[in-house]
Protein chains: 2
Amino acid sequence: MLRLSKLADYAVVVLVRLSHHGGEVTTSPTLAQATGVPEPTVAKVLKALCAAGLVASQRGARGGYRLARPLHAIPVAAVIVAIDGPISLTACVDGATGGCEAQETCPVRGRWDPVNEAIRAALTRITLDQMDLPSCGGVRDFDKADRPGMMPGAAILAAE
Amino acid sequence: MLRLSKLADYAVVVLVRLSHHGGEVTTSPTLAQATGVPEPTVAKVLKALCAAGLVASQRGARGGYRLARPLHAIPVAAVIVAIDGPISLTACVDGATGGCEAQETCPVRGRWDPVNEAIRAALTRITLDQMDLPSCGGVRDFDKADRPGMMPGAAILAAE
DNA sequence: CATAAACAGGACCGAGTGGGTCCTGTTGAA
DNA sequence: TTCAACAGGACCCACTCGGTCCTGTTTATG
């Protein structure tokens with residue numbers, strides 16, 4: 001399984017989209033329309049990204065958001081961390097207060113660490129500019145955009 | 001977030017435990033007791049692992065399970081795939097029938113692929129023997145084993 | 001041959017959590 | 001002064017995963 005949260009997926013979509021607007025401040029309604037993601041959700045994502053310092057916000061009328069750094073300076077890991085928190089496979093690893101019931105029996109205690117590290121490294125290595133489709137450079141607007149279906153990324157790290 | 005299913009975690013625990021019994025067939029109740037994981041759950045996990053060919057089963061009285069291959073020949077990825085299915089971050093990637101509502105607008109369509117590949121590679125590189133604690137070679141029995149808390153691996157790829 | 005132990009493979013139910021919406025401030029340009 | 005837009009909560013519904021159980025089928029053992 002190993003699923004990625006939808007929100008994180010949306011975040012990537014929004015960020016990439018935002019990059020298409022150059023350094024211009026863009027409102028969340030605008031981004032919502034452009035991406036097809038419901039506006040309240042876009043707003044939620046942007047707030048989290050803003051808190052994480054990935055985007056900068058301009059309040060008040062004529063406000064909006066813009067990228068705080070270029071796409072190539074934003075690793076996927078940063079986005080995921082901003083939306084979903086620290087990247088690790090098991091709760092055992094980080095904090096893990098409350099301890100483990102099978103703390104004594106568990107044969108792999110703390111052994112997910114290398115796995116976590118590997119994934120973390122992989123996600124840090126890939127930046128957002130690598131996720132922007134070169135084939136559809138800039139803004140891409142198809143004939144129409146209102147067919148039923150699913151959202152942007154679906155976000156299931158495993159399908160099954 | 002990026003959480004790993006608990007079942008997959010249990011699977012690793014069970015497999016590592018199974019390796020401590022050499023080539024001997026071991027019953028699921030025995031493994032359940034040894035790992036602290038509830039028996040029905042252990043059975044469920046073992047069935048999946050058996051179907052995936054990671055363990056071999058011996059039916060009938062005096063039956064049980066044993067490893068089909070040594071630990072170092074079992075990558076973590078194989079365990080996860082056996083329990084949770086194909087490893088990928090978004091549903092967009094594999095199949096993804098039903099299409100994407102924002103298929104047309106989505107700026108990152110199909111672009112999770114490199115991320116998925118990276119993770120897949122990382123999980124394939126690590127084998128189960130690397131998750132067995134060398135410090136507690138073989139069977140490890142602490143003084144006591146009944147403190148309240150959580151299960152073996154908890155299994156949350158992100159905590160948050 | 002009868003019995004029981006153990007796997008096979010489903011169906012099933014409840015809890016936890018994430019997705020999505022909404023509401024009330026606060027900021028700042030026009 | 002007004003209104004557009006962000007800030008930052010609270011809140012609810014739906015989905016999925018974890019865990020249990022039940023009914024076969026297989027096969028040592030007495």
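Lettering follows sequence order; numbering is per chain, from 1.
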Strictly below 4.0 Å: does B/T27 bring a side-chain N or O up to OP1 or OP2 of C/dC7? no
Picking from C/dA8, D/dA7, D/dG18, the nucleotide nearest the side-chain atoms of A/C50 would be D/dA7
Against the side chain of A/T41, the closest entry in C/dA30, C/dT21, D/dG19 is C/dT21
Judged by nearest nucleotide, the residue sitting upstream toward the 5' end of DNA chain C, A/K47 or B/L46, is B/L46
Quick note, B/K44 side chain, CB onward, closest among C/dT21, C/dG20, D/dG19 is D/dG19
Inset, instruction - Using only side-chain N and O atoms of A/Y10, determine if any of them is under 4.0 Å from OP1 or OP2 of C/dG20. - result: yes
Taking D/dA28, C/dG20, D/dT20 as options, the one with an atom nearest any side-chain atom of B/R62 is D/dA28
Of A/S57 and B/Q58, the one whose nearest nucleotide on DNA chain D sits closer to the 5' end is A/S57
Between OH of B/Y65 and C1' of C/dA6 the distance, given in whole Å, is 8 Å
inquiry  = Should the side chain of B/K6 and the base of D/dG18 be counted as holding a donor-acceptor pair, with the cut-off at 3.5 Å?
reply    = no
Between CG of B/L31 and C1' of C/dA6 the distance, given in whole Å, is 13 Å
**Asked** Quick one: are B/M131 and B/V76 in side-chain contact, heavy atoms under 4.5 Å?
**Response** yes
Is there a path of hydrophobic side-chain contacts, each under 4.5 Å between heavy atoms, that joins B/L71 and B/I126?
yes
Tell me yes or no: between the side chains of B/T127 and B/Q130, is some donor less than 3.5 Å from an acceptor? yes
Only residue of B/T26, B/V45, B/V37 satisfying side-chain contact (heavy atoms from CB on, under 4.5 Å) with B/L31 is B/T26
Taken to the nearest 0.5 Å, the spacing of B/L67 CG from B/S19 OG works out to 6.0 Å
Separation of D/dC6 atom P from A/L49 atom CG, nearest Å, is 13 Å
When rounded to whole Å, the CG to C1' distance for the pair B/D9 and D/dC17 reads 14 Å
Judged by nearest nucleotide, the residue sitting upstream toward the 5' end of DNA chain D, A/A51 or A/A61, is A/A61
Spell out yes or no: do the side chain of B/R59 and the base of D/dT25 have one donor N/O and one acceptor N/O closer than 3.5 Å? yes
